[in-house]
Structures are given as C-alpha cells and as structure tokens.
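Whatever order the structure lists ligands and atoms in, that order sets their numbers, starting from 1. Atom set for the values below is all heavy atoms of this structure, side chains included, hydrogens, waters and symmetry mates excluded.
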Amino acid sequence: MANVQIQLCGLIFDLLLIFFVLRHESVGLYSEKIFKQCVLVYSSCIVLDILSCIAIINDEKIPGFLVLLSCKAYLVSLALSAYYGFLYTYNDVKRLRENYSFQIGTFVVAIIGIIFICILPINYLYDGKDILYSYGYSAMMTYIVTILYIGSSIVITFVYAKQMNPHRRNAVRAWMLIETVMAAIQFIFPELLVVGFGSALGMYILYSELENPEVYLDRVTGCFSEETFKKYVEQEYEQKKPFSVIFVCNEKEWKVGDETEKRILVEMSEFLNSFAYSKLFRIANHDFALVYDKNEKEMNEIESAVNLDVIRQRFAISWPELSRSKFLYVPDGHITSSVEEARMGYTRNRDLFEQGEDMRILDESSVNQIREFNSMVVEIGKALEEDRVQVYYQPIYSIETGKFVSAEALARMVGTDGKLIMPMKFIPVAEETGLIEKIGERVFEKTCKCIKQNDLRNKGIDYVEINLSVTQCENSLLSTKFQEIISNHSVSPDEINLEITESSTLRSKKVLLKNMNELMRYGCSFSLDDFGTGESNLNYIVDMPVKLVKFDRSMVQEYFKNEKAKLVMSATVKMIKELGLKIVAEGIETEEQVNEIKNLEIDYIQGYYYSKPLSESDFIKFIDAHNM
Ligand code: C2E
Ligand code: MG
Ligand code: MG
C-alpha cells in the first residue's frame, strides 16, 4: 500500500491549500473562483483515486459493481481535472474568455468525453503486491480527454503568450509539465501512483505564483491593491455588473513622517473598509477607491451617496491636517467603457478640482471631455507624424517706426479634413500629456526655417517671437536643443525671441533660469507673455531677465472699457518702462483702440486691426506689401 501514501501526501497538500485560500478575504475575481474549484476538483480526484485503490485491493469483500463504479468515478474526476486546468488557462486570455462558442464547444467536448468514460467498459489489475491500475476503453478515453486538455492548455500558453500574464503563463506551463511527467512516470512504473501528487504540486505552484490571496492585497493597509482594482473593475465591465465607485483623492505629498503616514493610511483604510457591500482598494500613494457592487444590494446608489457624506465628514474631522481630501463619486461605473477610461476619469478629475471644491460627480459630460481629450491625444500624435503641425505668423507693428518689425509664431494643426485646429483646442492637451515638447520643437524648427528661407531680416522683421510652455522650460536640455536647431538653420540667434509665461505649475525655476541664461548668452532674447491675466504679477518681471512684456488681450480690452483698469494699466506701463523694458499690446482690433493705445508709452501693437495670424506665404506677401 506504499502507493496510497503518495496520494495521501498530495491530499494533505491540497487540504492545506484550501485552508490558506479560505483564510483570507477574497476580492471575487473569476480566476480566484476557478482556482478554488480547481483545488476542489483535484482534491476529489485524489480522494477518489485512494478509494478506487482500496476498492480494487479489497475486491473480494466488495460487490463488483461498486469496485467498477469507484474506478469510473476516479477516471471521470481525472478528466474533469484536466478540463478545469484548461478552463483556468484560457480564462487569462480575453479573446477566448469572451468567445462563447469556444467555451461551449470545449465544455461539450468534455461532457461527451465523460459520457464515454462512463459507458465504455473498464477492467482493473492488481498483482496482490504493488501493481494496481485500471485499463480498457474507458481508461483509454480518459487518457484521450486528459491529453487533449493538457495539450490545449500548453498550446494556449504559446499561441497567446503575449496576451497572458507572464507569471500565469509560466506557472501554467510548469504545472502542465509536472502533470505530464508524473503521468509518464505512472505509465512506465504502474506501481508508482504519482499523478495525484503531481497535480497537488501544480496547484501549489499556481498558489504561490498567482493565487495567494496576499498578492491581491496592499502591503501597508491590508486592503486590496491597485493591481487588484484594475482586475476587479475589468471583470465588472466584462460581466456587465452594475457598480459605483467613490474615489478618495488625498494630496500627493504629505509632510508627515513615514510612521505617521503609515498610521494615517491604516486608519483611513480601516474606516473606509467598514462600509458594507463595498470593496476597498488603495489605488495610488494616498488614494483609495471604494467600489460598490450594486448586485449585492438594491438601493445601492443611495447607500453609496449617503456613505459619501459620512466619509467626507469623517475625513474633515479625523485628518484635518490632510483635510484637503477630494472625493470623486462615480454613481454608475458603466458611464465609462473600460478600466483605462475609468482611471482616466479619476486621474484627470483629481487634477481638475478647483480651489475649495472637495467633491465631484463623474457625469456624462466629464466622460465626454475625457473621450475628447483622448482622441485629441491621438490626433496630435498623428499630426506630428504626418507633418500637419503648421506655423502661422501674426505681424507686430512698431509705433515708433510705423512698420512691422516682428511677428509671433503661432501653432496650428491641420485636421485630416484639411480644416485648421486652433491652439486652444490642442495646446492644453499637449501640455497635460507632455506632447507639447514635440510640438514646441516642431514650431521652433519651422520658424527658424521660415526666417532663413525668406530672409526675414531683410524684409524688416528683426525677430520672431516663439511661445514656450512651462514643460519645455523645465527641460534642462532645452537650451542645447534650441541652440543646435538655430545653428543648423544658420539663423542669427538675435532673430529669436522666446515668450515665457508665469505659471503656478512651474516646478523648477532654477532650470528655467538656467535655460534662459544660456540662450541669452547665445544671443536670444525673452519676453513675458500673458501679462495681466490671473497668474501674472509685477514681481515676476523683476525676477525674470526679459526684455519685452506682452499685455494680454483681456487686460488691454478692459482698459478700453473701464476707468479703474485705465488707471491701473497706465501706472503699470510707467513702472515697466522705468525698468527699461518694452511693451507689446495684444488684441487691438479697431482704429480707435490703436489711437487710444498710442497715448500710452507702449512700443508695439499686435492685433486683428493690422492682421490676423497668417500662413507663411500670406505673411511674406503681407510684409512685402507693408514694409517696402
Ligand atoms: P498668445 O501667445 O497670447 O498668442 C496671442 C493670441 O491672441 C493668438 O491666439 C492670437 O491669434 C490672438 N490674437 C491676437 N490679436 C488678436 C485680436 O486682435 N483679437 C483676438 N480675438 N485675438 C487676437 P492663438 O493663435 O489662438 O493662440 C492662443 C494661445 O495658444 C497663445 O496665446 C499661446 O498661449 C498658445 N500657443 C499658440 N502657439 C503656441 C506654441 O507654438 N507653443 C505654445 N506653448 N503655445 C502656443
Ligand atoms: Mg504668445
Ligand atoms: Mg499673449
């Protein structure tokens, strides 16, 4: 009876696994469920194996049909184990998981196989010592079904290798390999009944690699992890289950010690975990997602909305030092169509919270914004690739000389339909995604090319102003890159003026100043754009080595409408002039405005009155007509 001892070892292995798996809370992923079923099927298989051995050994004391029944039960469970292994494997491949005819087909094959195993004849052999096995058509059918499913599982791990989680792919291969080796051993040495033990080993590999519930948990707080969030929500989408989410967005930086940080996170997670019908995930540094499975309870919407109020109050009271927590409520998870979009809803919205605002609801319109944003990202990428980013030039008039002495380079994107897309539409998206660096470089190159090819200086254009975004200024390689482009195009550096803006999002003033100083030493000059809008103040002019200040259209227009604004602007002009800087007034549209602005000590005018931004060829025609 030595061989039954090997089976018993396998069984103990499986029982231990069951114990470990059941000990932890499970998030309810489909793969977890199948794994549990696998362990159960495999354990039953070992139990039935042992029972059939006992029955065969004692066949003189037991009615014949019972012995045969126990053998068949074992064979059926063996075929089922192989089928479950296959089920577990293909479930990692989305394409197969969503292919119902494939699922039904493979299931039907298993059922037919099992029916044949049941009805075909079976024999068994026991030599009175060690050798003991069953044979006959029924056993042969079992081998066919088993080989079919184990083989298919291995094939899947190769054919769909790229779509599978690499851990799962490798674990499944190891598991199937062990099963095959053990089956071969048992086939050659029938006295060694090691198949059951092999499958238990395979289960153990899966458990330690993938299905250990702890891999789904966040180490600090013990709630579910970010990775689990993705899997869980993905499953909710696939199974079309209704759910709602409360995102708790805390400040990215907490200025508390490591220990306090951990304590607060644990406190928050304990509190958030106390709500029924929900699952808690830690999805970023200090952020949580509370997901409500609406199937579990009707009226769930009200439940989560009420809880939201409770949560907001608790956060304000318990963690006031971090009281700038924000809450993003998604009443219907299916408002977005994928996990990526849901995540986008969360990341984009958490950055869009306005001052004083602590709660937002993700509604249809914000989702549409996200979709527009995403399609704009794609559009920009394509436009860059297909060279559809163009530069328009708006002439700038000098009051002193009565001529057009400079121009501003303004980016335009040509849509696939040939229509122009304005910067308002794509610049903010490009800034948020970092694509602005590529656009900026393209605009810079094209402008240099235009200056050189048209010999703009000879046409009276002393320099061209080019907009720089904050992201570009923060790149320490900017100055080197631009110097290289200028020299490649043999442009004189003093023909380039770079416009910077004051921005609260500037993270490194040091890098900005380094770039500015290097480029100024090289010969370029700088101006301060958008002056007079919300973010600008006089201090910045003092700080920044600019030679020009550009008054924003909004401030200039206010000047024409409002007496107080007139006073403020006159005083501002005086101060800026005392600092020795020149001023451009933007957005001048009528002759009266031109005349009125001339009363101030303003040097240049840029506005529709003279010209809108023009394509390169129109700009050259314009300059030729006006400056000659
Ligand atoms: P900005 O740098 O302040 O550019 C001036 C904007 O005012 C231009 O809009 C121009 O067409 C518009 N403008 C000028 N005169 C008038 C006028 O009399 N009336 C009216 N209604 N508008 C006038 P545009 O070309 O749509 O550009 C908008 C903004 O997009 C720019 O403001 C700038 O911040 C940004 N931008 C444009 N091109 C680039 C670029 O290549 N890089 C970066 N980073 N930003 C750019
Ligand atoms: Mg500008
Ligand atoms: Mg401007």
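- For ligand 1, none of its N or O atoms has an N or O atom of Y609 under 3.5 Å away.
- A salt bridge links E341 to R371: at least one charged side-chain nitrogen sits closer than 4.0 Å to a carboxylate oxygen.
- Less than 4.0 angstrom separates atom 11 (O) of ligand 1 from at least one non-hydrogen atom of the protein.
- Residue-ligand proximity, E499 to ligand 1, at heavy-atom distances under 4.0 Å covers atoms 2 (O).
- Per-atom contact check: atom 22 (N) of ligand 1 touches the protein, criterion being a heavy-atom distance below 4.0 Å.
- When non-hydrogen atoms are compared, ligand 1 lies under 4.0 Å from neither the backbone nor the side chain of K550.
- Taking every heavy atom of D530 and a limit of under 4.0 angstrom, the matching atoms of ligand 1 come to 3 (O).
- Residue Q394 has at least one nitrogen or oxygen atom sitting less than 3.5 Å from a nitrogen or oxygen atom of ligand 1, judged on distance alone.
- In this structure, D624 does not pair ionically with K621, as no charged nitrogen and carboxylate oxygen lie closer than 4.0 Å.
- Counting heavy atoms under 4.0 Å from ligand 1, residue I439 does not touch it at all.
- Considering backbone and side-chain N/O of D529, one or more are found under 3.5 Å from N/O of ligand 1.
- Salt bridge annotation for K425-E372: absent, with no cationic side-chain nitrogen under 4.0 angstrom from a carboxylate oxygen.
- Between E259 and R263 there is no salt bridge, since no side-chain nitrogen of the basic residue lies less than 4.0 Å from a carboxylate oxygen of the acidic one.
- Because the distance cut-off is set at 2.8 Å, E499 fails to qualify as a neighbour of the Mg ion (ligand 3), as none of its N, O or S atoms comes that close.
- At a heavy-atom cutoff of 4.0 Å, ligand 1 is contacted by no atom of M424, backbone or side chain.
- For T501, every N, O or S atom stays at 2.8 Å or more from the Mg ion (ligand 2).
- When side chains are defined from C-beta on, Q557 counts as touching Q593, because their heavy atoms get closer than 4.5 Å.
- Rounding to 10 degrees gives 140° for the angle at the Mg ion (ligand 3) between OD1 of D529 and OE1 of E586.
- Salt-bridge check for E227 with K230: passed, with a basic side-chain N closer than 4.0 Å to an acidic carboxylate O.
- For atom 28 (C) of ligand 1, the closest heavy atom belonging to the protein is P423 CG, 4.0 Å.
- Listed by number with element, the atoms of ligand 1 under 4.0 angstrom from any heavy atom of P613 are 11 (O).
- In this structure, R412 is part of the shell of residues with a heavy atom less than 4.0 angstrom from ligand 1.
- Only the side chain of V443 comes within 4.0 Å of ligand 1, judged by heavy-atom distances.
- The nearest heavy-atom contact from the protein to atom 45 (N) of ligand 1 is N467 CB, 3.6 Å.
- In summary, no N, O or S atom of E408 is located under 2.8 Å from the Mg ion (ligand 3).
- Checked for salt-bridge contact, K566 and E596 meet the test: a charged N lies under 4.0 Å from a carboxylate O.
- Between the side chain of Q394 and the backbone N or O of L410 there is no donor-acceptor pair closer than 3.5 Å.
- Between atom 38 (N) of ligand 1 and the options A409, C473, A411, the minimum heavy-atom separation is to A411.
- The closest protein non-hydrogen atom to atom 31 (C) of ligand 1 is L410 CD2, 4.2 Å.
- A side-chain donor-acceptor contact under 3.5 Å links N475 to the backbone of L477.
- Looking only at heavy atoms of the protein, atom 18 (O) of ligand 1 is closest to Y608 N, 2.8 Å.
- Distance screen at 4.0 Å: atom 6 (C) of ligand 1 has no protein heavy-atom neighbour inside the cut-off.
- Salt bridge status for K514 with E518: present, with a side-chain N to carboxylate O gap under 4.0 Å.
- In this structure, E589 pairs ionically with R553, as a charged nitrogen and a carboxylate oxygen lie closer than 4.0 Å.
- Within the 4.0 Å heavy-atom cutoff, E589 counts among the residues contacting ligand 1.
- Between R457 and D494, at least one side-chain N (NZ, or NE/NH1/NH2) sits under 4.0 Å from a carboxylate O, which counts as a salt bridge.
- Atom CG of N250 is separated from atom NZ of K326 by 10.0 Å, given to the nearest 0.5 angstrom.
- Every atom of ligand 1 is numbered from 1 in the order shown, and the set under 4.0 Å from a heavy atom of G607 is 15 (N), 18 (O).
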Using the rule given for side chain to side chain donor-acceptor pair (under 3.5 Å), can you reason through T533 versus D530, listing the C-alpha separation, both sets of side-chain angles and the distance that settles it, and then say yes or no? CA-CA 6 Å; T533 62; D530 294 352; 5.1 Å; no
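- Between E408 and ligand 1, an N or O atom pair is found at a separation short of 3.5 Å.
- Here is the list of ligand 1 atoms found below 4.0 Å of a heavy atom in I427: 39 (C), 43 (C), 45 (N), 46 (C).
- M344 CE to F373 CZ: the interatomic distance, rounded to the nearest 0.5 Å, is 4.5 Å.
- A salt bridge links K550 with E465: at least one charged nitrogen is closer than 4.0 Å to a carboxylate oxygen.
- Neither the backbone nor the side chain of K612 has any atom closer than 4.0 Å to an atom of ligand 1 (non-hydrogen atoms only).
- At distances below 3.5 Å, at least one donor-acceptor pair connects side-chain atoms of Q472 with backbone N or O atoms of S469.
- If you look at S469 next to ligand 1, the close heavy atoms, those under 4.0 Å, come from the backbone and the side chain alike.
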